[in-house]
**Q** 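This is the structure, below, for whatever I ask next.
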Amino acid sequence: SVFDVHRETTGFEKTFLDGNASVELRLPFFQARSDGSGDQSEIGDLTTVLKWAFVNEPDLVLSTGLVVTAPTGPRPYFVVFEDNSLQKVHPVLLQPYVGYYWGTGNFFVHGFNSVVVPTDSRDVTALFSDLGVGYRFDINAGPLSALVPTLEAHVTTPLTHRDADDFPQFFDAVNLLAGCHFVLGDRASLGTAVAVPVTGPKPFQLEALVNFNL
């Protein structure tokens, strides 16, 4: 069946070391909607993000960190048939990463590279490469301080489970995203975006995103 999947994520981030490091928690909630017979609602897995910007200048930021996703939710990533029984695959995910930001004037480039490594080899090890460009238009009209449109490319490269006889089998994926942040005052922003996959097999048809940051 074809599902519409709705996902809400709530979280917070606390900085320390003069704002150069932080710890963040994220908890997603999912609702899958089909024709009514397969509707599901679940709490997802809790993710902890550790971040350190070892270079933190107004026009240049280099950061590194570790993302840890714990299997706190009730639903496994997938199920395999082993030893004459169904086995749930729901490991801890470890994702070290490096991120960067470079700006000149109101133009900027940002992105990150990471590798997600599961603690169970039956799950996929994957490389994520993300690159975006944007421009800040200062508005200063009432509560709206600025508009920041962005264009991004997100590339997922599975490093394992690529062969035809692997289960599950994973494929390279490239998603393109266009969005805009509406900067509200100097303490909040509202972001909107649309993402589409451009390689096949496509994991989804269209994804719309809205986020609010305070």
**Q** If you draw a 6.0 Å radius around CG in D165, do more than 12 non-hydrogen atoms from other residues or ligands fall strictly inside?
**A** yes
**Q** From L147 CG over to D138 CG, what is the distance, rounded to the nearest 0.5 angstrom?
**A** 9.5 Å
**Q** Quick one: does H161's side chain have a donor or acceptor within less than 3.5 Å of a partner on S121's backbone?
**A** yes
**Q** Measure the spacing between CG of L176 and CG of L151 and express it to the nearest 0.5 Å.
**A** 9.0 Å
**Q** Taking a hydrophobic cluster as the set of Ile, Leu, Val, Met, Phe, Trp and Tyr residues connected by side-chain heavy atoms closer than 4.5 Å, whether directly or through intermediates, do V196 and L209 fall within one such cluster?
**A** no
**Q** Measure the shortest side-chain to side-chain distance between L131 and V109 over non-hydrogen atoms and say whether it is less than 4.5 angstrom.
**A** yes
**Q** Should R33 and S41 be marked as a side-chain contact (heavy atoms from CB on, under 4.5 Å) after you check the CA-CA gap, both sets of side-chain angles, and the distance that decides it?
**A** CA-CA 9 Å; R33 301 285 182 257; S41 296; 3.8 Å; yes
**Q** Considering all heavy atoms of both residues, which atom of A188 and which atom of L214 are nearest to each other, and what is their separation?
**A** CB-CD1, 4.0 Å
**Q** Look only at the side chain of T199 and the backbone of V174, and say whether a donor-acceptor pair between them is shorter than 3.5 Å.
**A** yes
**Q** Taking the side chain as every heavy atom from C-beta outward, state whether D123 and L93 have any pair of such atoms under 4.5 Å apart.
**A** yes
**Q** Report the distance from atom CZ of F128 to atom NE2 of H154, rounding to the nearest 0.5 Å.
**A** 11.5 Å
**Q** Does CG belonging to D59 count more than 12 external heavy atoms closer than 6.0 Å?
**A** yes
**Q** Between atom CG of L62 and atom CG of N56, what is the distance when rounded to the nearest 0.5 Å?
**A** 9.5 Å
**Q** For P149 and Y135, which heavy atoms make the closest approach, and how far apart are they?
**A** CD-O, 3.0 Å
**Q** Are any of the side-chain heavy atoms of P96 and S114 separated by less than 4.5 Å?
**A** no
**Q** Is the shortest side-chain heavy-atom distance between V148 and F137 below 4.5 Å?
**A** no
**Q** Considering only NZ, NE, NH1 and NH2 on the basic side and carboxylate oxygens on the acidic side, decide whether R122 and E82 come within less than 4.0 Å.
**A** yes
**Q** I'd like to know if R75 and D45 make a salt bridge, using a cut-off of under 4.0 Å between side-chain N and carboxylate O.
**A** no
**Q** State, with a plain yes or no, whether a side-chain heavy atom of V23 is found less than 4.5 Å away from one of T48.
**A** yes
**Q** Would you give the length of the straight line joining atom CG of D120 to atom NZ of K88, rounded to the nearest 0.5 angstrom?
**A** 14.0 Å
**Q** Search all heavy atoms of R136 against all heavy atoms of N106 and return the closest pair with its distance.
**A** O-ND2, 2.7 Å
**Q** Should we say atom CZ of F16 is surrounded by more than 12 heavy atoms from elsewhere, each under 6.0 Å from it?
**A** yes
**Q** Is there a side-chain contact (heavy atoms from CB on, under 4.5 Å) between V67 and T47 once you walk through the steps?
**A** CA-CA 7 Å; V67 181; T47 292; 3.4 Å; yes
**Q** Group every Ile, Leu, Val, Met, Phe, Trp and Tyr by side-chain heavy-atom contacts under 4.5 Å, then state whether L25 and V68 land in the same group.
**A** no
**Q** Is there a side-chain contact between S189 and N213, using heavy atoms and a 4.5 Å cut-off?
**A** yes
**Q** State, yes or no, whether a side-chain contact exists between P201 and F171 at a heavy-atom distance under 4.5 Å.
**A** yes
**Q** Tell me if the CG atom of D186 is crowded by more than 12 foreign heavy atoms within 6.0 Å.
**A** no
**Q** Does T160 use its side chain to pair, donor to acceptor, with the backbone of T125 at less than 3.5 Å?
**A** yes
**Q** Is the F108 to Y101 ring centre distance short of 6.0 Å?
**A** yes
**Q** Minimum heavy-atom separation for T9 and P28, please, with both atom names.
**A** OG1-CB, 3.8 Å
**Q** So do the side chains of I43 and L46 get within less than 4.5 Å of each other, counting heavy atoms only?
**A** no
**Q** Would you check if the distance from the ring center of W102 to the ring center of Y100 is below 6.0 Å?
**A** no
**Q** As a quick check of understanding, evaluate side-chain contact (heavy atoms from CB on, under 4.5 Å) for L144 and F182, giving each step before the final call.
**A** CA-CA 7 Å; L144 183 62; F182 301 84; 4.0 Å; yes
**Q** Which heavy atom of H90 sits nearest a heavy atom of G73, and at what distance?
**A** CE1-O, 3.2 Å
**Q** Given N140 and S145, is the side-chain contact (heavy atoms from CB on, under 4.5 Å) satisfied, shown in steps?
**A** CA-CA 4 Å; N140 296 320; S145 299; 4.3 Å; yes
**Q** For the residue pair S85 / Q87, report whether a side-chain donor-acceptor contact shorter than 3.5 Å exists.
**A** yes
**Q** Test your reading of the model: is there a side-chain donor-acceptor pair from Q169 to the backbone of R162, 3.5 Å cut-off?
**A** yes
**Q** Side-chain heavy atoms under 4.5 angstrom apart, residues restricted to Ile, Leu, Val, Met, Phe, Trp, Tyr: same cluster for V80 and Y77?
**A** yes
**Q** Report yes or no: do Q31 and E8 form a side-chain donor-acceptor pair below 3.5 Å?
**A** yes
**Q** Give a yes or no on whether a salt bridge exists between R7 and E207, defined as a side-chain N under 4.0 angstrom from a carboxylate O.
**A** yes
**Q** Are F78 and V117 co-members of a hydrophobic cluster defined by side-chain heavy atoms under 4.5 Å apart?
**A** no
**Q** Quick check: closest heavy atoms across L66 and Y97, and the distance to 0.1 Å?
**A** N-CE2, 3.6 Å
**Q** What distance do N113 atom CG and D130 atom CG have between them, rounded to the nearest 0.5 Å?
**A** 7.5 Å
**Q** In this structure, would L127 and F112 fall into the same cluster of hydrophobic residues linked by side-chain contacts under 4.5 Å?
**A** no
